[in-house]
Amino acid sequence: LKGQQETMIHSAQNISEAYHNNLRQTLELQNLIWENHLEKSMGEFSEVKYLKKIAANVTLYTEDQELLQQWLQNEISQVYWSSPSFKEWHQIRTKKQFWFTEEQNDRLLYRHIRPVMFESKQYYLEVFFPATPNISVAINQIIAQDQNTQFLTESDLGFFYLNGTVITS
């Protein structure tokens, strides 16, 4: 039974990992497509039309992290999107690209931000993706199941963790 449970957990982890890899590649591609789209605007970002065939929530920031232009595709995105914090901006500025995930109200929010250059000026381009609650719940269940399996395995060895404290049996 324990082996079957571990196999099931391993399969669920593979699905979660595949989902995240696919999402990461999708956001990177959307970011590149939007960079190309914005490059054609010749700096007239307010005139840029939303790309309906590319379902992406996009924000363009100045080099000083000020929101310059935004294209959000739906109400859900408008509700969950927020500007990165000062601490996050510090991390963003030190990397070629930056990924982060946060959870709000049982929904996972994914971001991909990277510096881009238009007409010799640096900007930051963000693609934002609020996962549907079903996906967020499924991923959280996989994480919880993995923690439960770790608990069972460690308790079989004669000890287990309870809120970070080792308890011996």
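Computed from heavy atoms alone, side chains included, the values below leave out hydrogens, waters and symmetry copies.
Between atom CD of residue Glu44 and atom CD of residue Gln69 there is a gap of 11.0 Å, rounded to the nearest 0.5 Å. Here the straight-line distance linking atom OG of Ser85 with atom CD of Glu102 works out to 9.0 Å at 0.5 Å rounding. In this structure, Ile92 CD1 and Tyr124 OH are separated by 8.0 Å, a value rounded to the nearest 0.5 Å. With values rounded to the nearest 0.5 angstrom, Thr101 atom OG1 is found 10.5 Å from Arg111 atom CZ. Interatomic distance, CZ of Phe128 versus CD of Gln30, reported as 12.5 Å (0.5 Å rounding). Once rounded to the nearest 0.5 Å, the distance linking CG of Leu125 with NE2 of His37 reads 11.0 Å.
Other residues, nucleotides and ligands contribute at most 12 non-hydrogen atoms within 6.0 Å of the CE atom of Met42.
Judged purely by distance below 3.5 Å, without hydrogens or angles, the side chains of Tyr61 and Glu126 pair a donor atom with an acceptor atom.
Annotation: side chain of Trp81 is not in contact with side chain of Leu109 (no heavy-atom distance under 4.5 Å). For the pair Phe45 and Leu68, the minimum side-chain heavy-atom distance is below 4.5 Å. Tyr123 places none of its side-chain heavy atoms less than 4.5 Å from the side chain of Leu38. Looking at Thr26 and Phe129, their side chains never come closer than 4.5 Å, going by heavy atoms from C-beta outward. Inter-residue side-chain proximity for Tyr80 and Asn105 is flagged as met; some heavy-atom pair is nearer than 4.5 Å. A 4.5 Å side-chain heavy-atom check between Trp71 and Ile54 finds every atom pair outside the cut-off. For the pair Ile76 and Arg107, the minimum side-chain heavy-atom distance is below 4.5 Å. Leu67 is not listed as a side-chain neighbour of Ser83, based on a closest heavy-atom distance of 4.5 Å or more.
Follow the hydrophobic side-chain contacts under 4.5 Å out from Leu32 and you never reach Phe118; the two are in separate clusters.
In terms of heavy atoms, Pro115 sits closest to Lys95 at CD-O, 4.1 Å. Nearest heavy atoms, Leu51 versus Trp34: N-CZ2, 3.6 Å.
Test Val58, Val79, Asn57 against Leu72 for side-chain contact (heavy atoms from CB on, under 4.5 Å) and you get one pass: Asn57.
Counting only residues at least two apart or in different chains, salt bridge (Lys or Arg N to Asp or Glu O under 4.0 Å) contacts with residues 20-39 comprise Glu35-Arg114. Counting only residues at least two apart or in different chains, salt bridge (Lys or Arg N to Asp or Glu O under 4.0 Å) contacts with residues 48-65 are absent.
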What verdict does the side chain to side chain contact (heavy atoms under 4.5 Å, CB included) test give for Gln65 and Phe86, after you've listed the backbone C-alpha separation in whole Å, the side-chain angles of each residue and the deciding distance to 0.1 Å? CA-CA 9 Å; Gln65 301 101 35; Phe86 180 77; over 6 Å; no

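Taking the ring-ring contact (aromatic ring centres under 6.0 Å, His included) definition, one finds that Phe100 meets it with Phe98, sequence neighbours left out.
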